[in-house]
Amino acid sequence: MNPFFITLLATFGIALLALAGSLFLFLKDHLLQRISLYLIALAAGALLGTAFLHLLPEVLKEGFPEHGFLVLLGGFLFFYIGEKLLHLHHRGEGTDEHNPRDLGILSLSADVSHNFIDGVILAAAFLVDIKLGLITAAAIALHEIPQEIAEFGVLLYAGFSKHKALLLNFLSATTVIFGGVVGFLFQEILVSFIPFVLLFAAGSFLYIGASDFIPEFKKEREPKKALFLSLTFFFGIFLMWIFTFLE
């Protein structure tokens, strides 16, 4: 199958999944909280599994570039700095320093840029190998749903109506499609930098999974629920490990 066509399908599917994720917020609060926490645990496992079991081994197979570890660290730090500058941790310190409306706009802007980068990463992965592209798409899709639920919550907190928040959230999610298209339009340049793009992606997956998602569910103190959350997290990693056998 043509890599460009399958990238379009994958990015369009991810955008639709983001919309479906937003619809979870129309559930009752207690049910939403239970579902979203398990989605976060699953996504964390999928992100870490993809980084360690697929992206990094693929770079090693292609030939680890000089200063590659700096790029890996750069992907990690990029999202750390981005979150700090754009105040994505709206439940953390300093939330009351900003107007809720401003916080919603800043968070939406960050989501747009993050989705665009996801699209470029997908294009790079599909240019390397269809299987790697599909695995990367699965990892992105799994972390997109809890991410978009959180983003939708920020927009509601910022004062947007449910319908307007849903529309804005979906429009921001569609930038993953533009990222994929841009990746292919500049594929001659991108192909030369594919190892660096994959390393950057691995760094970003490690940051999002380990810094954003794991702390969310590891705070659980009820033993039974903590156990099931941990098992869900391990299942996300296991799922990515199973994909290593699908040649």
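Just so it is clear, the model here is predicted, and its values are computed rather than measured. For reference, positions follow the sequence shown, starting with 1.
Put simply, the side chain of N115 gets close to the backbone of S172: a donor and an acceptor are under 3.5 Å apart. Under a 3.5 Å cut-off, the side chain of T232 and the backbone N or O of Y38 do not form any donor-acceptor pair. Listed for the S211 side chain is no donor-acceptor partner under 3.5 Å among the backbone atoms of I208.
Distance check, rounded to the nearest 0.5 Å: CG of L227 to CD of E222 gives 9.5 Å. Atom CG of L134 is separated from atom OG1 of T7 by 9.0 Å, given to the nearest 0.5 angstrom. Note that CG of L229 and NZ of K224 are 12.5 Å apart. Values are rounded to the nearest 0.5 Å. Rounded to the nearest 0.5 angstrom, I135 CD1 and I140 CD1 are separated by 12.5 Å. Here the OG-NZ distance, from S230 to K225, works out to 12.0 Å after rounding to the nearest 0.5 Å.
Here the two rings, on F79 and Y207, have centers that are 6.0 Å apart or farther.
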**OP:** Give the C-alpha distance, both sets of side-chain angles, the deciding distance and a yes or no for side-chain contact (heavy atoms from CB on, under 4.5 Å) between I242 and F238.
**Re:** CA-CA 6 Å; I242 289 296; F238 176 75; 3.6 Å; yes
**OP:** Verify side-chain contact (heavy atoms from CB on, under 4.5 Å) between I14 and D118, making sure each step is shown before the conclusion.
**Re:** CA-CA 10 Å; I14 288 169; D118 279 348; over 6 Å; no
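Scanning all heavy atoms of the two residues, the minimum distance from T11 to L8 falls at OG1-O, 3.0 Å. Scanning all heavy atoms of the two residues, the minimum distance from A173 to A15 falls at O-CB, 4.0 Å. Residues A124 and I194 share a closest heavy-atom pair of O-CD1, 3.8 Å. Heavy-atom minimum distance, F200 versus V71: N-CG1, 3.9 Å.
Side-chain contact check for F196 versus P65: some heavy-atom pair is nearer than 4.5 Å. No side-chain heavy atom of L132 sits under 4.5 Å from any side-chain heavy atom of F126. Using a 4.5 Å cut-off on side-chain heavy atoms (C-beta onward), L72 and V59 make no contact. Looking only at side-chain heavy atoms (C-beta outward), I237 and F233 come within less than 4.5 Å of each other.
When hydrophobic clusters are built by joining Ile, Leu, Val, Met, Phe, Trp and Tyr residues whose side-chain heavy atoms come closer than 4.5 Å, directly or via intermediates, L198 is not grouped with L70. With hydrophobic clusters built from ILVMFWY side chains whose heavy atoms lie under 4.5 angstrom apart, L16 shares a cluster with I177. V112 and L167 fall into different hydrophobic clusters, where Ile, Leu, Val, Met, Phe, Trp and Tyr are joined by side-chain heavy atoms under 4.5 Å apart, directly or via other members. Each of F12 and L171 belongs to its own hydrophobic cluster when Ile, Leu, Val, Met, Phe, Trp and Tyr are linked at side-chain heavy-atom distances under 4.5 angstrom.
No more than 12 heavy atoms of other residues, nucleotides or ligands lie within 6.0 Å of CZ in F69, so this atom counts as exposed by the packing criterion. Other residues, nucleotides and ligands place no more than 12 heavy atoms under 6.0 Å from the CD atom of E188.
Using bins of under 30°, 30° to 60° and over 60° for the plane-to-plane angle, the ring pair F184/F4 lands in the perpendicular bin.
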Atom pairs and distances, side-chain donor-acceptor, residues 44-58, under 3.5 Å, sequence neighbours left out:
| from | atom 1 | to | atom 2 | distance (Å) |
| --- | --- | --- | --- | --- |
| T50 | OG1 | A46 | O | 2.7 |
| H54 | NE2 | M240 | O | 2.6 |

